[in-house]
Amino acid sequence: MNWCPELGTVLANEEVIDGKSEVGGFPVVRKPMRQWMLRITAYAEKLLADLDTIDWSDSLKEMQRNWIGRSEGAEVDFQIADCRLPIADSKIRVFTTRPDTLFGATYMVLSPEHKLVDQITTPEQREAIARYKTQIAGKSDLERTELAKEKSGVFTGAHAINPVNGERIPIWIADYVLASYGTGAIMAVPAHDTRDFEFATKFALPIIEVVKPSECDGARAVPARSAPVRSGTHEHSKNSVPNDALRPGTGRAPAEAFCELGVAINSSSTEFSLNGLPTAEAKKKITAWLEEKNLGKKSINYKLRDWLFSRQRYWGEPFPIVWKKDAAGNLYHEALPESSLPLLPPSLEDYKPTTDGQPPLARAKDWLNLPDGSVRETNTMPQWAGSCWYYLRYLDAKNGGAFVGKDAESYWMGTTGCKLKVESCKSDSSAPQPATCNLQPATPGVDLYVGGTEHAVLHLLYARFWHKVLFDLGHVSTAEPFFKLVNQGLILGADGQKMSKSRGNVVNPDDVIEEYGADAFRLYEMFMGPLQDTKPWNTSGVAGVYKFLGRVWRLFVDEPSETEFEQAETTADCSRGCESAESRALTSAATKLLNLIKLNAAIKDVAATPAQLKTLHACIKKVTEDLDGMRFNTAISAMMVFVNDAIAWETKPVAVLREFLILLAPFAPHIAEELWEKMSKVQSPKSKVTDAGSTTLDIGHWTLDSLPYSPWPKFDPALLVEDTLEIPVQVNGKLRDVIRVPAAADNATIEAAALASEKAKPYLAGKTIKKIIVVPKKLVNIAVA
RNA sequence: GCCGGUGUGGCGAAAUGGCAGACGCACAGGACUUAAAAUCCUGGGACCUUCAAAAGUCGUGUCGGUUUGAGUCCGACCACCGGCACCA
């Protein structure tokens, strides 16, 4: 694994607001701490590329792509040009995605934290630089970004040499350059970058245009028009046309100056020229030249940072690491042997960090110090350590020898066939269609993961990373953990706002279940709209599906008469805590009540009529297809249609109702099971026999003919065929009539029937028929002029 | 600012380029009831006529386009939601 200890500055400001902790309001200070990092950046490329092999929403994939933030460009070295300085031989390295604009680099900017700042600052600028750095250091990161509207910075007094044309350019520091990205230093090209432009304008720095826009015509049209195709990398800004008032007196049209792609101009030296080259080619040429002259090289940068993986808390997995000293007294670390795993946290009376800022585990002196003089690591892992692999542990939760057994892993997470496909696809890049890696019928990994978007860039990226490491080490069968992922939409409060305690709009499921039952609650959540959509909660909607379940109930059973019910209820009226005699009375009353509930008298063991079969099979078709597509809302409405129809049947065939219960079971399992049981009790032996493959075999609580073991109904398309069809007749696309024709009618017959329509005729009178479109089984449209 | 998503009745929504509003909520009228609740039946996009009905016109965020036909496809825009945000 890529555990890597790093000594460095860690900003302990995760929960900082204005320098105070979010909970408790304690002052927050930054201090250097030894922390563990996971080198997730080493997997940036794989994490990015393999997004193409999984079935996730585009928006989620895009979020991960943006988070990884791959940028292709070049690193370029600028020689420092002040011989007065003691480090005159040093170079400043910058990263740029637009090496082709190097001739337009008119100044440089270092982040205030850049390690060369103090060394290059000239004596006369020292005070101003120090003041700026102090000012920046006193601000939280949040304040720094909030104040970003106005550019600020200070000249260091030093200069550097632009390697392509030998120009002396000033070196500034400014907080718009981040220490943590790229090299912490930039070459500024104000003619082609909004931020550089703002800065140059404010501090009167020169602006030289080096790209002539080729595809953006029109003086001010840039932001309105679609930009030329982007390469997917992070280019310089392509919008923000500055005002004339802001524009320096160069006389150039600002719209053109900010066009993204074009042809290089003003880009030549005595030995080298980019002029006339389109941006893409100019990039290639200058990068090759820089590499040849040893002035720079092609480079790829990521926004993704290595992952700070230690916490100073008690509750977390302790690192299985000990610290030792070598002969010279230098500290080094070793992993515990496997025989010492798993490493459990020690018992503590006090879970707080020590007064000198050590993690809580440092309090466990007996645990901390080992007999051989080595000392345990006291940081603990964050909660991600569990969420990154729990799905693997679930496969083999009781395995004491491994995190997951080989057999269990390959059985659940992959098939041999799948694994081969993934691998052959990876190793053989010349394979003609990489699409064969995608969407194989036997899906590798977790087949379906339903989760919220809040996990888009943390959990879902971290888990993919861990899984890939395990894959590369040969512990798992697939390169990706979650094959298909669906983001369920957020359920908002009744006021259309996100539920939160502070808004007081939280709906507690327990309360809803108390009033309407778990079936109604579950059904409503599925009925309210598409799974992926955000939608507001509406309690009267629960009442609606509750009513539907009531209709289902009455479709199957005859309620006792009010008198019967009241008689039984009187005896049963006993709250909890009855004496045992009363309890017995209660039990017998409850039995009485149950006996009063009888199967609907209309339910008979008879053959279904064609109309009934049609209703049933239309429902089977819709529910089956919608379940596959996770369109639960429309599946439920199909069942409502069925019930509305079936409740009016004078005779209700047992076999039809049984199949309906199987459809209902995934949506409302409790009521479905209850009704199924009632049906079984009164079912005649004859209908039991007709159920294919159903024998009474006791397997614990359920028998093979109980609901969960019943085969899912198959719909028969032949039963859905209509004898006659209703065909709308349109004239010039407007509905004028609906005609009935035999289902077997050919186009000519339908056309003739449409032309004969009394209602359509007035719209045809005196017009020339240009064309008649007959859409088989759908409609007729008569185009007239 | 950038990226992604969503716009359809009073509300949640439905509709392989082919009858817009299925299904449900809320509402209105009726039945049952002493009454209410529950249940059952009926109605319903807007507008315009009409005693009533039929007919008609308009209608899926806005403007334009493609098409015999557009909620659906294309272009531009607007609004809202989510994510990222000085990432060179």
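Here is how names work: the chains are called A, B, and so on, in the same order as the sequence lines, proteins then strands, and each is numbered from 1.
- Taking atom OH of residue A:Tyr181 and atom P of nucleotide B:C84, one finds them 18 Å apart after rounding to whole Å.
- Separating the P atom of B:G17 from that of B:U6 is a span of 15 Å, rounded to the nearest Å.
- Taking the six-membered ring where the residue is Trp, A:Tyr181 and A:Phe95 present perpendicular rings, their angle passing 60° and hence far from 30°.
- Within the nucleic acid shown, A:Ser540 comes within 4.0 Å of sugar-phosphate atoms alone, with no base atom in reach, counting heavy atoms only.
- Distance A:Asp58 CG to B:C84 P: 19 Å, rounded to the nearest Å.
- The NE2 atom of A:His114 sits 6.0 Å away from the CD1 atom of A:Ile92 when rounded to the nearest 0.5 Å.
- Straight-line distance from the CD1 atom of A:Ile169 to the P atom of B:A88: 19 Å, rounded to whole Å.
- In B:G9 the base sits syn relative to the sugar, since the glycosidic angle is no further than 90° from 0.
- When rounded to the nearest whole Å, the span between CZ of A:Arg65 and P of B:C84 equals 17 Å.
- Regarding A:His192, its NE2 atom lies at a distance of 14 Å from the C1' atom of B:A88, rounded to whole Å.
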Notebook entry, point to check: With Watson-Crick and G-U wobble geometry limited to distances under 3.5 Å, how should the secondary structure of RNA chain B be encoded in dot-bracket form, using | for bases paired to another strand and [ ] for crossing pairs?
Noted result: (((((((..(((.....[....))).(((((.......))))).(((........)))..(((((..]....))))))))))))....
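- Atom P of B:G44 sits at a distance of 10 Å from the matching atom of B:A22, rounded to the whole Å.
- Taking the C1' atoms as reference points, B:G61 lies 10 Å from B:C80, given to the whole Å.
- Ion pairing between a basic and an acidic side chain is recognised when a charged N comes within 4.0 Å of a carboxylate O; A:Glu72 and A:Lys298 show such pairing.
- For the C1' atom pair drawn from B:G75 and B:A26, the interatomic distance equals 40 Å after rounding to whole Å.
- The ring pair (Phe, Tyr, Trp, His ring centres under 6.0 Å) test with A:Tyr546 is passed by exactly one of A:Trp553, A:Tyr516, A:Phe527, A:Phe521: A:Tyr516.
- Ion pairing of A:Lys777 with A:Glu722 is absent here, as no side-chain N (NZ or NE/NH1/NH2) approaches a carboxylate O to less than 4.0 Å.
- For the P atom pair drawn from B:G9 and B:G59, the interatomic distance equals 14 Å after rounding to whole Å.
- Nucleotides B:C77 and B:G69 place their P atoms 27 Å apart, quoted to the nearest Å.
- Contact annotation: A:Thr534 does not reach the phosphate of B:G5 (side-chain N/O to OP1 or OP2, under 4.0 Å).
- Between A:Asp533 and A:Lys535, none of the side-chain N atoms (NZ, or NE/NH1/NH2) sits under 4.0 Å from a carboxylate O, so this pair counts as no salt bridge.
- Residue A:Tyr763 is classed as a sugar-phosphate contact, given heavy-atom separations below 4.0 Å to backbone atoms only.
- Atom pair A:Lys303:NZ and B:C2:P shows a separation of 14 Å (rounding to whole Å applied).
- A:Tyr524 pairs in a ring pair (Phe, Tyr, Trp, His ring centres under 6.0 Å) with only one of the listed residues (A:Phe667, A:Trp537, A:Phe632), which is A:Trp537.
- Residue A:Arg93 places no side-chain N or O under 4.0 Å from the OP1 or OP2 atom of B:A88.
- Residue A:Thr634 holds its OG1 atom at 12.0 Å from CE of A:Met526, rounded to the nearest 0.5 Å.
- The separation of B:C32 from B:C27, taken at their P atoms, amounts to 22 Å, rounded to a whole angstrom.
- How far CZ of A:Arg93 is from CE of A:Met187: 14.5 Å, rounded to the nearest 0.5 Å.
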Next item on the list: Classify every nucleotide of nucleotides 14-24 of chain B by which part a protein heavy atom approaches to under 4.0 Å, writing B for the base, S for the sugar-phosphate alone and - for neither, in 5'-to-3' order.
Entry: S---BB--BBS
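- Summarising the geometry, the separation between CG on A:Leu460 and P on B:G83 is reported as 15 Å, rounded to the nearest angstrom.
- The 12-atom threshold is exceeded at NZ of A:Lys614, counting heavy atoms of other residues, nucleotides or ligands nearer than 6.0 Å.
- The distance between atom CG of A:Leu304 and atom P of B:G83, rounded to the nearest whole Å, is 19 Å.
- Nucleotides B:G43 and B:A37 place their C1' atoms 23 Å apart, quoted to the nearest Å.
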